[in-house]
Structure formats: C-alpha cells, structure tokens
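See below for the structure under consideration.
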Amino acid sequence: MKFGAHMSSSGGAWKALQRGISIGCDIIQIFVKNNMQWFGKPCPPDQLALYANELSAQKLAAVFGHTGYLINLGAPACENRDKSVKSLIQEIGFATDLGLPFLVMHPGAHLGRGEEAGLKQIIAGLNEVSRATKASPVRIALENTAGQGTCLGNDLRHLAAIYEGVNHPERLAVCLDTCHLFAAGYDIRSRKGWDAAIAEIDSLVGLEQIVAFHLNDSKTDLGSRIDRHAHIGQGKIGKQAFRHVVNDPRFRDAPGCLETPKSADLHEDIQNLKILRSLRNG
Ligand code: ZN
Ligand code: MN
Ligand code: MN
C-alpha cells in the first residue's frame, strides 16, 4: 500500500498538498469544500493553477476527495435530502476541476425509515447525481461504515445493493475503512478475518472496485457500531493486524489513508505513517 493522510484544505487545496508532502505522504485525501457546509465556492483559476503546479512538482501516487459530512442521500424526502443531492453535484464539479479520480462518500442514514427505504433513497439520489454530472469522470467511492445510529454501509451487502440498483455502476467505487469494518463486526485482527472480509467484498462487487483504504485503528470494540478512530496500534484492532492489511499483495499500489486525530504540527500523522511503513515487508 501507499500511505498518506487526510489533509486540511484550509487556505486552498494546493495547501493540502504542501502539508501532506511536508510530512512524507505518498497519497492525500482532501475535502473539496468546507465539510460542515452544504455549499461552497469553486476554486478560482489562480488557485487551480497553484494546485496543478504543486501536483506536477511532486511525486504523489494519488490525491482524492471525501464528501462533506452533511450529505445524506439515505434520508426520506425532505429539504436536507434535496440539499444533499445538490451539494454532491457541486462537490463532483469541484472534484472535476481539481482532476480528482473519486470522492469517498458514506452511503447515508435511513433516519428510522428502515434499511430498504434508505437504500432506495441512496440509489435514487445517486441516479440523480450521475444524470447531472454525466460529463465528469469523477466516481463516488462508497465507504463502508461502523453502522452508528441508522447509518447504512456497515453490512457490505448494502454496498452491493447500491451497485445493483443504480443506473450507472461504472460511476461507483469502494473505499474500505479498517476502523469501520471492525466496529461493524468484521474481525480483521486475524489474517483469516481480513481475508474473509475481502472475499466478501470480492464476491459482492469485485476487488477491482476498491480504490482506497482508510487506515484507522478503533477506540471501540468489535461490533460496537460506534465510529471512533484511534492511532495505529493504540486501539482495539492493534498494530499486528495492520501487518496483514498493508502487506496484502492484492493491494500493493492501493492508497491507504490515515484519518486519525491530529494537532497543528501533524506529529501524530508522522508517527502513524512511521508505524505503517515499519510494518511493510521489504
Ligand atoms: Zn469517511
Ligand atoms: Mn473513513
Ligand atoms: Mn469514521
């Protein structure tokens, strides 16, 4: 795997690249706008030029996006559901401007209406979004979740149901989060458990759909369905498990992105990257 971390885009997306490069990231995940707001402003041309310069000057293996936290395609029809669709369409536009290959997105929460109703809304929302962004090559990488509250995506079969339901599955991809897998009940601490989870996603949508991993340890127990990221080796998954994760030959070139707590000087990211690299064979 190629390692990196989610980087703040404060001051512009090009700043995120600088930050990531300064701590030795080979891959970087960013938000394409403020992640706690519905809508943002497009990146002005001078900022896009700075971004392109930064990108071409460095040897990053991948840069990709993560959608904002307000977006919930799984909600029943309501103002926020409409805003979710519009917000996602805008984000795909911004990601297209930056040349990002995909945006990682949590499938959504059904808010009490049940799994089936929630999945139906997600599929309808994605269809609307694909229709409105036909010209964009940006894919939506569905992320598996911890299944907190009414969030869908804790069961990998939810992702398969979305693939089966949408009109344009070629616009989709998958991002697997280690913390979320564990909190959802997939015991990836053993190689056997990891292989079983990967075999499941392979049989459901195909391994080639996996475009990224989120490498996070978990503060909460197996099957807790609570989403709390811990530093690598300081959670309930444990350092040894990341050995079979980062050395899985099927994902030699896949991006593995940290989403662990950090302070302004990024020393936690530096430490986590060091641990991940120390676990890699050869
Ligand atoms: Zn996420
Ligand atoms: Mn994640
Ligand atoms: Mn999480």
Side-chain angles (χ1 to χ4, degrees), residues 1-9 16 20 25 27-36 62-74 84 87-88 91-92 95 100-109 122 126 138-156 158-159 162 172-186 188 197 201 209-232 234-237 241-242 245-246 251 254-262 268-269 272-273 276:
M1 262 181 217
K2 310 258 199 237
F3 305 123
H6 183 97
M7 285 291 134
S8 160
S9 295
C25 288
I27 63 98
I28 294 172
Q29 175 179 277
I30 59 172
F31 292 124
V32 296
K33 61 164 187 47
N34 184 318
N35 65 310
M36 294 307 286
V63 185
F64 52 91
H66 193 296
T67 57
Y69 290 161
L70 299 178
I71 294 175
N72 177 16
L73 296 183
S84 293
S87 179
L88 183 55
E91 289 204 358
I92 290 177
L100 306 182
F102 57 88
L103 281 170
V104 177
M105 185 184 81
H106 304 180
I122 293 165
L126 285 169
V138 176
R139 292 160 79 186
I140 296 293
L142 303 169
E143 181 176 1
N144 70 299
T145 69
Q148 197 164 312
T150 66
C151 287
L152 295 160
N154 54 304
D155 187 327
L156 296 175
H158 296 162
L159 307 188
I162 298 168
L172 299 180
V174 169
C175 170
L176 290 181
D177 184 307
T178 53
C179 167
H180 298 173
L181 276 171
F182 185 72
Y186 295 90
I188 59 168
I201 201 77
Q209 294 302 312
I210 302 175
V211 290
F213 290 88
H214 285 165
L215 302 178
N216 305 308
D217 208 328
S218 173
K219 283 190 181 163
T220 65
D221 281 318
L222 177 69
S224 64
R225 296 186 66 163
I226 295 170
D227 183 2
R228 296 278 182 282
H229 301 185
H231 296 298
I232 305 299
Q234 291 182 30
K236 307 269 183 180
I237 298 176
F242 286 91
V245 172
V246 304
F251 308 116
C257 182
L258 291 161
E259 296 179 309
T260 40
K262 65 183 83 194
E268 300 92 340
D269 282 349
N272 284 318
L273 286 171
L276 290 173

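Below, each value reflects all heavy atoms present in this structure, side chains not excepted, and no hydrogens, waters or symmetry copies. Each residue takes its place number in the sequence, starting with 1. Start at 1 and go down the list; that is how both ligands and their atoms are numbered.
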Whether Asp177 has an N, O or S atom under 2.8 Å from the Zn ion (ligand 1):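 No N, O or S atom of Asp177 is closer than 2.8 Å to the Zn ion (ligand 1), so no.
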Which N, O or S atom of His229 lies nearest to the Mn ion (ligand 3), by name: NE2
Aromatic contact, His180 with Tyr186 (centres under 6.0 Å):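 Not under 6.0 Å, so no.
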Aromatic ring proximity Phe31/Tyr69, centre distance under 6.0 Å: yes
Residue His214, metal the Mn ion (ligand 2), N/O/S under 2.8 Å: yes
Any side-chain donor near an acceptor of the partner, Asn216 and Asp177, under 3.5 Å: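 Judged by distance alone, the side chains do pair up.
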Test item: side-chain donor near acceptor, His231 and Glu268, under 3.5 Å: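 Side-chain D/A pair, His231 to Glu268: absent.
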CA sep, side-chain torsions, deciding dist, call: Thr260, Asn272, side chain to side chain donor-acceptor pair (under 3.5 Å): CA-CA 9 Å; Thr260 40; Asn272 284 318; 3.2 Å; yes
Closest Glu259 atom to the Mn ion (ligand 2) [N, O or S only]: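 In Glu259, the N, O or S atom with the shortest distance to the Mn ion (ligand 2) is OE1.
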Shortest-distance N, O or S atom of Glu143 relative to the Mn ion (ligand 2):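 The Glu143 atom nearest to the Mn ion (ligand 2), restricting to N, O or S, is OE2.
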Glu143, N/O/S atom nearest the Zn ion (ligand 1): OE1
Metal site the Mn ion (ligand 3): N/O/S of Cys179 inside 2.8 Å: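 Within the cut-off used here (under 2.8 Å), Cys179 places no N, O or S atom near the Mn ion (ligand 3).
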N, O or S from Asp177 under 2.8 Å to the Mn ion (ligand 3): no
Donor-acceptor under 3.5 Å (Thr220 side chain, Arg228 main chain):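 Pair absent, no side-chain N/O of Thr220 close to backbone of Arg228.
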Test item: Ser224 side-chain N/O and Asp221 main-chain N/O as donor-acceptor pair under 3.5 Å: yes
Angle, NE2 of His66 through the Zn ion (ligand 1) to NE2 of His106 - 10° precision: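 Vertex at the Zn ion (ligand 1): approximately 100°.
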Apex the Mn ion (ligand 3); atoms His180 NE2 and Asp227 OD1; angle rounded to 10 degrees: 90°
